[in-house]
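Structure record follows, encoded as structure tokens.
Both counts, for ligands and for their atoms, begin at 1 and track the order of listing. None of the values given here were measured: they were computed from a predicted structure.
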Amino acid sequence: MKAVQISKPGGNFEIVERPTPEPGRGQVRIKVEACGICHSDALVKEGYWPGVQYPRVPGHEIAGRIDSVGADVAQWKPGQRVGVGWHGGHCFVCDPCRRGDFINCKFEKITAITFDGGYAEYVVVPAEAVALMPDDLPADEAAPLLCAGITVYNALRNSGARGGDLVAVQGIGGLGHLGIQYARQLGFRTVAIGRGGDKQALAKKLGAHEYLDTSAGDPAEALQKMGGAHVILATAPDSKAMSGLVNGLSAHGTLMVVGAGIESLTVTPIQLISGSKTIRGWASGTARDSQDTLEFSAFSGVRPMIERYPLEKAAEAYEQMISGRARFRVVLTMGS
Ligand SMILES: [Zn+2]
Ligand SMILES: [Zn+2]
């Protein structure tokens, strides 16, 4: 099979021929139709994630079709359309697993970090990492929903916000352009927060009821004028901007952090005490959460905006993503 690998931290993308992998016990093989390129692929490309064994095939936004099933796999069969995201499996026996908290498994497998990912014609994954993909969702549009999509959808639906609540989405990028759509479709009064007046039309098209331009005024003040946000989904990895939004929360409001920045958030205890506010993070979800995301997207019409590249152009596609030029997600297609 054809695959694109990284053979050392900081190495280039190499197009290679490899033996097509065989699924072992408890595993399935997927013929990949599309694989999204995510900012987190830099963890493999640049070696930021400790313990990755090279060569490694990146890609944790995998959409395709099961073509072979290993021993002791009862729930999947060849021909099924499926997807795989960041959560690549769990042990079933550690304490978090015994409580059903698979995403916090002490021995969690991560797709394209623990085993090879989807920049390839075939991929072998643990059966518990697989999500069923609705027939009416094209593979190239489903792929980004398996990481970017599930992250914002699962964060929003677990945020405590109810229909009609004011929910703000900070950032209109790879995560945010999906977050706005989900917030609208989940029935929230949806406020998009971006920089510059030129993003207003897009925000409205994605479903935002209101748009706040951070270059035109303090978004926290504007949110307070609307009554305060029950939830603010912070998607742009700008810790300073996120910190500034805490004052836009209503009483009992939550700043839901999914944009993975490395700078510290700065907030005073008083800001949190006054109004009993919460800052919390959210980590994507399991394969069943992925399946929920795909199903909800299929019937509600939530779709990522994507740029497509053939597998052979992975290096160019990655550059388009990492440079921030992509509007908004980049997807490799396997030409089948
Ligand atoms: Zn990702
Ligand atoms: Zn476990």
Can you tell me if an N/O/S atom from His39 lies under 2.8 Å from the Zn ion (ligand 1)? no
Given side chains that start at C-beta, do those of Lys45 and Pro58 come closer than 4.5 Å, heavy atoms only? no
For a distance under 2.8 Å, tell me if Cys105 has an N/O/S atom near the Zn ion (ligand 2). yes
Would you say Gln185 and Gln181 are linked by a side-chain donor-acceptor pair, where the criterion is simply a distance under 3.5 Å? no
So NZ of Lys225 and CG of Asp218: to nearest 0.5 Å the spacing works out to 9.0 Å
With a 4.5 Å heavy-atom cut-off, do Ile279 and Val257 have their side chains touching? yes
Please note down the angle at the Zn ion (ligand 2) between SG of Cys91 and SG of Cys97, to the nearest 10°. 120°
What angle, in degrees and rounded to 10°, do you get at the Zn ion (ligand 1) when you join it to NE2 of His60 and to SG of Cys147? 110°
